[in-house]
> 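Take this structure first; my questions come after.
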Protein chains: 2
Amino acid sequence: MRLVVATCTATYSGRLDAHLPQATRLLVVKADGSVLVHADGGSYKPLNWMSPPCTLTVSVPDDERAALGVQEVWTVQHAKSDDRLVVELFEVHHDSAHELGVDPGLVKDGVEAHLQQLLAEQITLLGPGHQLVRREYPTAIGPVDILARDPAGGTVAVEIKRRGDIDGVEQLTRYLELLNRDPLLAPVRGVFAAQEIRPQARVLATDRGIGCLVLDYAALRGVDDAGSRLF
Amino acid sequence: MRLVVATCTATYSGRLDAHLPQATRLLVVKADGSVLVHADGGSYKPLNWMSPPCTLTVSVPDDERAALGVQEVWTVQHAKSDDRLVVELFEVHHDSAHELGVDPGLVKDGVEAHLQQLLAEQITLLGPGHQLVRREYPTAIGPVDILARDPAGGTVAVEIKRRGDIDGVEQLTRYLELLNRDPLLAPVRGVFAAQEIRPQARVLATDRGIGCLVLDYAALRGVDDAGSRLF
DNA sequence: TGTTCAATGTCGCAA
DNA sequence: TTGCGACGTTGAACA
């Protein structure tokens, strides 16, 4: 990994065109040739970048550029597309290289899969007397997150999202249409469960007779006695 | 901006829990206190990070950690939520600070808004005799990108995407359903316009009687005589 | 300030 | 390889 702090411009052309005027920025060149251009603020997203696979070529500026004070030109060309990032360096304030080695990678815990597991364990959140049929109930158009039976013998199909958006309601609607054709299951009622349900999604769901269930992750986890912590 | 290359672990807790085992990585501390943890590969997304507003606190490790070789502990606490990133530094290979100043920011060209503007100006790309009604035509479920009239007096609703995916066809379908209830507009025909239309999206659109229009950005721009070049 | 929607989205999984 | 959905999405425009 090479770290360069330099006064520079950067121009990307590819899926769109984007240009950075002259200013001092951090340039990170990773071992795979990818390049990040970072300002001293903003979030983790670089101002400009080139993703691997790509190759960095360093060249001397033409006369015109040199007359403007350009010391060096970096051309970062994507290997498969015609995406290209060109960095003009005017003044280099810092330049160092470092051997980092391969990273062992990230360990994660706690998203949609976990919500599904917790709701399956606490299926009576759907209402008293409900029973789990199975998680990931397979259908021709994809698996339904949770299938359950209500006390009246009807079926309940649950779609789980971390954030309940209109797309999720559409998805559940497609499942319900399909499931209700099966005489062994019908009538199938829908429940849209999420940590947060957007107003538009709630309106659409209600309009279609689909129930909404807001999941409190902390509460679900609190009830979950098995101390299934990863670290 | 402070650049540190160090052997470290990093643990995030907040919306999820994520842990990075000990390895050598780049730590970037920006002027606003935000922190990025980068490996020497992957894309522009850091392995772990903390977004502003947040504060970085450096402390000495407790005895237990110190016995394991931890030299220093960084605690990065988000200002508004309880998100937290803890970095344990075992060995510091590089440490430097740099004054970058404020960045003038990115100039972009060729995004969806621009495509919409160009198509509105060249509305006859929909066919001879078409006339623009308006851009961002408001409906109860959101604005339609472009509404136009065809020579026969029918209405055309256009959904524009940079990349035409199945979602965009679903969106346009919802608009069409709604617009066709309006006797002043009906019949309303749909056109799905994008720089690139995915095969599945095209199939779905065609199946629903929605037309597909591939937008050639360079050509649209070439016809645009106003020399509105950004750089 | 909150909501909505695009993004050079990126990332991971499965068919 | 492509499709599909989640993401600690981020970011910007708009109400």
Side-chain angles (χ1 to χ4, degrees), chain A residues 10-19 34-37 42-52 54 76 78 80-85 105-106 108-116 136 138 141-143 145 159-168 170-171 194-196 198-201 217, chain B residues 10-19 34 36-37 42-52 54 76 78 80-85 105-106 108-116 136 138 141-143 145 159-163 165-168 171 194-196 198-201 203-204:
Chain A
T11 303
Y12 164 78
S13 58
R15 279 164 284 189
L16 57 66
D17 296 292
H19 179 71
S34 59
V35 174
L36 317 182
V37 182
S43 70
Y44 68 68
K45 192 177 180 182
L47 294 167
N48 232 328
W49 72 93
M50 183 57 65
S51 306
C54 62
V76 192
H78 195 268
K80 297 187 174 178
S81 69
D82 55 2
D83 287 25
R84 177 183 296 191
L85 177 67
L106 193 63
K108 278 190 186 180
D109 175 32
V111 269
E112 186 188 323
H114 203 182
L115 288 174
Q116 188 192 108
E136 303 283 352
I141 56 173
D145 288 341
E159 175 65 32
I160 299 176
K161 295 286 176 195
R162 205 180 54 75
R163 258 167 65 176
D165 247 317
I166 224 163
D167 288 1
E170 296 284 14
Q171 193 179 341
Q195 278 188 283
E196 177 201 348
R198 297 302 186 107
Q200 284 204 347
Y217 184 60
Chain B
T11 303
Y12 164 79
S13 58
R15 277 163 283 192
L16 57 70
D17 296 291
H19 179 71
S34 59
L36 318 182
V37 182
S43 72
Y44 70 69
K45 191 178 179 180
L47 294 167
N48 233 329
W49 72 94
M50 184 57 65
S51 306
C54 62
V76 192
H78 195 268
K80 297 186 175 179
S81 69
D82 55 0
D83 288 26
R84 177 183 295 190
L85 178 67
L106 192 64
K108 282 188 182 181
D109 181 25
V111 285
E112 185 192 322
H114 203 181
L115 289 174
Q116 187 191 111
E136 302 287 352
I141 55 171
D145 287 341
E159 176 63 32
I160 300 176
K161 294 286 175 194
R162 209 176 46 73
R163 257 168 68 175
D165 244 318
I166 224 164
D167 288 1
Q171 193 179 339
Q195 277 187 281
E196 176 201 349
R198 299 299 189 103
Q200 285 206 346
V203 169
L204 184 62

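Just so it is clear, the model here is predicted, and its values are computed rather than measured. Proteins come first, then strands; the chains are lettered A, B, ... in the order of their sequence lines, and each starts at number 1.
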> Measure the distance from CD on B/Glu196 to C1' on C/dT8 and round it to the nearest whole Å.
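Taking atom C1' of C/dT8 as the reference, CD of B/Glu196 is at 13 Å.
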> Does B/Gln171 put a side-chain nitrogen or oxygen below 4.0 Å from OP1 or OP2 of C/dC5?
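No, because none of the side-chain N or O atoms of B/Gln171 sits under 4.0 Å from OP1 or OP2 of C/dC5.
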> What's B/Met50 touching, base or sugar-phosphate or nothing? Going by heavy atoms closer than 4.0 Å.
base
> Considering only the P atoms, how many Å lie between D/dG11 and C/dC11, rounded to the nearest integer?
15 Å
> Take atom CG of B/Asp167 and atom P of D/dG3, then tell me their distance rounded to the nearest Å.
13 Å
> Are any of B/Lys45's side-chain N or O atoms less than 4.0 Å away from OP1 or OP2 of C/dC11?
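Answer no for this pair, as no side-chain N or O of B/Lys45 is under 4.0 Å from OP1 or OP2.
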> Verify the contact: side-chain N or O of B/Arg84 to OP1 or OP2 of D/dG8, cut-off strictly under 4.0 Å; return yes or no.
no
> Once you round it to whole Å, what is the distance between P of D/dC4 and CG of A/Asp145?
17 Å
> Check every atom of D/dG8, C/dA6, C/dT8 against the side chain of B/Lys161 and return the nucleotide holding the closest atom.
C/dA6
> Roughly how far, to the nearest 0.5 Å, is CG of B/Leu85 from CH2 of B/Trp49?
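Rounded to the nearest 0.5 Å, the CH2-CG separation comes to 10.0 Å.
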> Using side chain to side chain contact (heavy atoms under 4.5 Å, CB included), reason through B/His114 and B/Lys108 one step at a time and then give a plain yes or no.
CA-CA 10 Å; B/His114 203 181; B/Lys108 282 188 182 181; over 6 Å; no
> Expressed in angstrom and rounded to an integer, what is the separation of B/Asp83 atom CG from D/dC7 atom P?
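After rounding, the reported distance stands at 14 Å.
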> C1' atom, D/dC7 versus C/dA6: distance in rounded Å?
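Those two atoms are separated by 15 Å.
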> Please confirm whether the shortest side-chain N or O distance from A/Ser43 to OP1 or OP2 of D/dG11 is below 4.0 Å.
yes
> Looking only at heavy atoms, what is the nearest atom pair of A/Asn48 and B/Leu106, with distance?
ND2-CD1, 3.9 Å
> What's the NZ-P distance between A/Lys80 and D/dT2, to the nearest Å?
9 Å
> For the base of C/dT10 and the side-chain ring of B/Tyr44, does the geometry meet a stacking cutoff of under 5.5 Å between centres and under 30° between planes?
no
> For B/Ile160 and for A/Ser51, find the nucleotide of DNA chain C with the closest heavy atom, then tell me which residue's nucleotide is more 5'.
B/Ile160
> Within this structure, what is the CG-to-C1' distance between B/Asp165 and D/dG5, rounded to whole angstrom?
11 Å
> Given side chains that start at C-beta, do those of B/Lys161 and B/Asp167 come closer than 4.5 Å, heavy atoms only?
no
> Can you measure from CE (A/Met50) to OG (A/Ser81) and round to the nearest 0.5 angstrom?
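These two atoms lie 6.5 Å from each other.
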> Should A/Trp49 be counted as stacked on C/dT8, where stacking needs a ring-centre gap under 5.5 Å and an angle between planes under 30 degrees?
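Whether judged by distance or by angle, A/Trp49 passes, so it stacks on the base of C/dT8.
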> Rounded to whole angstroms, how far apart are CG on A/Leu47 and P on C/dT8?
13 Å
> Please report, rounded to the nearest Å, how far the P atom of D/dT10 is from the NE2 atom of B/His78.
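To the nearest whole Å, that distance equals 9 Å.
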> Side chain of B/Lys108 only, heavy atoms from C-beta on: which candidate in D/dG3, D/dG8, C/dT8 is closest?
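Minimum distance to the B/Lys108 side chain belongs to C/dT8.
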